[in-house]
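Notes to accompany the following structure.
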Amino acid sequence: MPGTAAYPLDPVDRTILMLLQANASLSTAEIAARSGASQSSVWRRIEKLEAAGIIQRRVAILDRKKLGLNMMVFAHVKLQAHGQRTLPAFEDAIRRFPEVVECHTLLGETDYLLRVITRDTESYETFFRKHLSQVASVQFTNSSMAISEVKSTTELPLSLL
């Protein structure tokens, strides 16, 4: 949110967060050894960062291609109207589609950018025809299929802090 003050992080907090971003399965002992802090201090800091919402959750990152999910599509969606009911209704519908792994509200020519993961072109077409194009208020969708992934990371650039 613009104007929101950043959570104050010291160098040890930043190191802990960088380590967890790279490998959330590290033990507190391993993090302590790599950060130069005590194990109890690391545990308390992680608890504090979780309570503050800085650490939202710890997850396993899966290889989508090894699972047969080979198609990544970016879909720009424009709505017919922007009423008080239209936007929440669209967003609620999108949250129910497991193929949509990201949805961002945009400023500009389109209203939303979706990142959609499916098996292949045919499964994307099925998703589009049976789900996305059926959402009330969708005026048009412009889909772009990614042909390669140059960079994909979940790690935030903590060096900018």
Side-chain angles (χ1 to χ4, degrees), residues 1-9 13-26 45-161:
M1 245 167 37
T4 303
Y7 185 88
L9 297 174
D13 289 334
R14 279 194 293 278
T15 300
I16 291 168
L17 291 173
M18 287 190 309
L19 291 166
L20 286 174
Q21 281 192 126
N23 183 355
S25 68
L26 290 174
R45 286 170 179 266
I46 290 172
E47 290 288 312
K48 188 176 172 185
L49 292 165
E50 287 174 337
I54 301 298
I55 299 173
Q56 294 179 351
R57 63 187 182 273
R58 300 183 209 188
V59 300
I61 299 173
L62 309 179
D63 186 320
R64 67 179 175 82
K65 289 186 177 182
K66 288 183 179 176
L67 294 168
L69 299 169
N70 296 309
M71 181 61 60
M72 179 168 32
V73 177
F74 294 93
H76 288 263
V77 178
K78 182 162 183 63
L79 302 183
Q80 294 170 353
H82 300 102
Q84 287 183 333
R85 291 186 201 123
T86 308
L87 299 176
F90 174 81
E91 293 169 4
D92 288 343
I94 291 303
R95 286 184 189 101
R96 289 192 297 271
F97 302 144
E99 297 91 343
V100 177
V101 296
E102 291 182 32
C103 176
H104 303 273
T105 306
L106 302 178
L107 294 174
E109 293 182 27
T110 57
D111 300 311
Y112 292 93
L113 175 64
L114 312 179
R115 185 166 70 98
V116 181
I117 303 294
T118 64
R119 288 185 315 278
D120 50 30
T121 306
E122 292 80 21
S123 63
Y124 178 73
E125 181 180 7
T126 300
F127 164 75
F128 176 78
R129 288 179 181 268
K130 290 186 176 181
H131 300 293
L132 187 55
S133 68
Q134 300 303 311
V135 177
S137 80
V138 171
Q139 182 177 354
F140 78 84
T141 302
N142 181 357
S143 300
S144 300
M145 295 184 179
I147 57 172
S148 68
E149 216 171 85
V150 176
K151 180 179 180 181
S152 177
T153 183
T154 60
E155 295 180 35
L156 296 176
L158 299 179
S159 62
L160 299 178
L161 303 179

List the steps, then state whether side chain to side chain contact (heavy atoms under 4.5 Å, CB included) holds for Val77 with Asp111.
-> CA-CA 6 Å; Val77 178; Asp111 300 311; over 6 Å; no
Is the side chain of Arg115 donor-acceptor paired with the backbone N or O of Val101 at a distance under 3.5 Å, no angle test?
-> no
Backbone of His76 reached by a side-chain donor or acceptor of Asn142 within 3.5 Å = no
With no hydrogens and no angle check, is any side-chain donor or acceptor of Ser133 less than 3.5 Å from a backbone partner on Phe128?
-> yes
Give a yes or no on whether the backbone of Glu122 and the side-chain of Thr126 come within a donor-acceptor separation of less than 3.5 Å.
-> yes
Under the side chain to side chain contact (heavy atoms under 4.5 Å, CB included) criterion, do Val116 and Phe97 qualify, and how do the steps go?
-> CA-CA 9 Å; Val116 181; Phe97 302 144; over 6 Å; no
Side chains of Ile55 and Leu17: does their closest heavy-atom pair fall under 4.5 Å?
-> yes
Determine, stepwise, if the pair Lys65 / Leu69 fulfils side chain to side chain contact (heavy atoms under 4.5 Å, CB included).
-> CA-CA 5 Å; Lys65 289 186 177 182; Leu69 299 169; over 6 Å; no
Which distance, rounded to the nearest 0.5 Å, do you find between the NE2 of His82 and the CD of Gln80?
-> 10.5 Å
Does Gln21 reach the side chain of Leu156, with side-chain heavy atoms less than 4.5 Å apart?
-> yes
Would a 4.5 Å heavy-atom cut-off, applied to side chains only, mark Glu155 and Met18 as touching?
-> no
Glu109 atom CD: more than 12 heavy-atom contacts under 6.0 Å | no
Check whether any side-chain heavy atom of Leu132 sits under 4.5 Å from a side-chain heavy atom of Ile94, and report yes or no.
-> yes
If every non-hydrogen atom of Ser152 is compared with every non-hydrogen atom of Glu149, which pair is closest and at what distance?
-> CB-OE1, 3.1 Å
Is Ser123 reaching over with its side chain to a backbone N or O of Arg119, donor-acceptor style, under 3.5 angstrom?
-> yes
Going through the distances and angles, do Met71 and Ile117 end up as a side chain to side chain contact (heavy atoms under 4.5 Å, CB included)?
-> CA-CA 6 Å; Met71 181 61 60; Ile117 303 294; over 6 Å; no
Are any non-hydrogen side-chain atoms of Leu79 and Thr110 less than 4.5 angstrom apart?
-> no
Side chains of Arg58 and Glu50: does their closest heavy-atom pair fall under 4.5 Å?
-> yes
Side-chain (Arg14) to main-chain (Leu158) donor-acceptor, under 3.5 angstrom | no
Heavy-atom side-chain contact between Tyr124 and Ser143 under 4.5 Å | yes
Taking atom CE of Met72 and atom OG1 of Thr118, what is their separation to the nearest 0.5 Å?
-> 10.5 Å
Verdict with supporting geometry, Glu91 and Tyr112, side chain to side chain donor-acceptor pair (under 3.5 Å) = CA-CA 10 Å; Glu91 293 169 4; Tyr112 292 93; 2.6 Å; yes
Heavy atoms, side chains only, cut-off 4.5 Å: are Ile46 and Leu20 in contact?
-> yes
May I ask you to check whether over 12 heavy atoms, not counting those of Leu160, lie within 6.0 Å of atom CG?
-> yes
So how far is it from Lys48 NZ to Tyr7 OH, rounded to the nearest 0.5 Å?
-> 4.5 Å
So, for Asp13 and Pro8, which heavy atoms are closest and what is the spacing to 0.1 Å?
-> OD2-O, 4.2 Å
To the nearest 0.5 Å, what is the distance between CG (Leu9) and CD1 (Ile16)?
-> 10.0 Å
